[in-house]
There are 2 protein chains.
Amino acid sequence: MNKVGEFHFTTEPYLLDFKGQTTIPMIGNYLLHAASVHAEERGFGYSGMSKRNAAWVLSRLAIEMKDYPRMSEQVTLYTWVEEVGKLFTNRSFELVNSEGKTLGYARSIWAAIDRESRRPTLLDVEGLSVYLTEKPVPPIEKPGKITPVEQTTEGIPYTVKYSDLDVNGHLNSIKYMEHLLDMFDLDLFKQKNISRFEIAYQSEGKYGMDLSLHSAEIAPDLYNMAICHEGKAICRAAVSWQ
Amino acid sequence: MNKVGEFHFTTEPYLLDFKGQTTIPMIGNYLLHAASVHAEERGFGYSGMSKRNAAWVLSRLAIEMKDYPRMSEQVTLYTWVEEVGKLFTNRSFELVNSEGKTLGYARSIWAAIDRESRRPTLLDVEGLSVYLTEKPVPPIEKPGKITPVEQTTEGIPYTVKYSDLDVNGHLNSIKYMEHLLDMFDLDLFKQKNISRFEIAYQSEGKYGMDLSLHSAEIAPDLYNMAICHEGKAICRAAVSWQ
């Protein structure tokens, strides 16, 4: 089995945004799908981890897009293991259009947790390292630390609902993105595109949880964001527009 | 080209609900995907309609599920044209698991609108009728009239956001479903499954529109619902639990 996974998608008209472009949450879906199948096929996916009573948790993700897939466009997504540590593994992505042009890159950091205790657990470094490749890391910054904005901004309230939940009963990773992007005014989407979207998942949102959504423009076209519960961030994000 | 379209899906772990089941909105996505590709491949899809300056609009949809697809399950979705009229065409669906067991059926009613005026436009009855089949209609009730509940219930406010919009800049058909289902308490999802979900789209939700969501249990385990704008329903739904 190839170390680099290759996945093909065709954008679907009814899943595009009002500009006729694929959205960041939809790209997030493609990335999670590719990550999940790539890992599963190589024995360290959902089933493989379940046998060890563990589960993958997406810790950080950064997506940089130069251009967005449009109506009925065929795209290819490559994904590979970039680095393996005791507690974290890094996975890279490249999104390419049908002419071979790179539309964007993504880098992600994953941890494994014990399914009962929900606490971090050690990775099978040797097993995972088999899939390390010579493929260079994407030419974008790794996801990193994001400055808090929740103390200096007023939050917008949001309560976690049924549709927000994933199979573990927690706020779905993609739904964090949706709720954050929904804070931006439509005019910003009309005038610009998101050039970089970065998110750090800090703790799990649960059904009925009262959250507050925060956003601050910390530099021109650069927004830091947070989702908080009882004043503590459960996730932070940074969004650049161009 | 076969009159009956056949589509294959594999459920994805990160798109299941907290019970590990495919959701009604996700099944709605599968149906819309199948309808859109089935029509496109036969010349009366998005592109074909665009040439005539028209677009399909989903008017009514009823889904009945005996069982829900679960983790990494392979499902086959059949879709075919059930009936063609001057203003409406009916499309049927059957969802089957890998053992050939029927999981559910759906029936839908579509209209065509002019892309500029957004007014109904006549269908190409002759062209569409080529695809009528001998395949019997699904053994479920057609979607029909739903009794209003907005006068007798208090509404929950909701404002249309960026993530709710489709490529036409209107509230996405699937998002109506999500917002309606989010009104039910999680305990109901824990104890029962939706046996029938029926929805009637009446007018288009737009960005920033202030909506109110209504729900009333009109018989045991049967809820009528509505989404209203300024007191007028833009959509009605009926949901049966079992």
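Worth knowing before you read on, the calculation uses all heavy atoms, side chains too, and leaves out hydrogens, waters and symmetry mates.
For the atom pair B/Asp182 CG and A/Leu165 CG, the distance stands at 8.5 Å (nearest 0.5 Å). Annotation: the span from B/Leu180 atom CG to A/Ser163 atom OG amounts to 9.5 Å, rounded to 0.5 Å. One distance of note links CG of A/Leu15 with CG of B/Leu32; it measures 8.5 Å at 0.5 Å rounding.
The shortest side-chain heavy-atom distance between A/Leu186 and B/Lys161 does not fall under the 4.5 Å cut-off.
Interface remark: A/Lys175 contributes side-chain atoms only to the contact with chain B (heavy atom separation under 4.5 Å). Of the atoms belonging to A/Asp17, heavy atoms from both backbone and side chain fall under 4.5 Å from chain B. Looking at A/Glu12, only its side chain comes within 4.5 Å of chain B, counting heavy atoms on both sides.
Taking B/Glu40, B/Lys19, B/Met71, B/His170 one by one and counting their heavy-atom pairs under 4.5 Å with chain A, the maximum is reached by B/Met71. Counting heavy-atom pairs closer than 4.5 Å to chain B, the top residue among A/His179, A/Met177, A/Met183, A/His33 is A/His33. Between chain A and the options B/Ile174, B/Asp164, B/Asn29, the largest number of non-hydrogen pairs under 4.5 Å is found for B/Asn29. When each of A/Asn168, A/Thr10, A/Leu16 is checked for heavy-atom pairs under 4.5 Å with chain B, A/Leu16 comes out on top.
Classification of the A/Tyr162-B/Phe18 ring pair by plane angle, with boundaries at 30° and 60°, yields perpendicular.
Open room surrounds CD on A/Glu154; 12 or fewer heavy atoms of other groups in view lie less than 6.0 Å from it.
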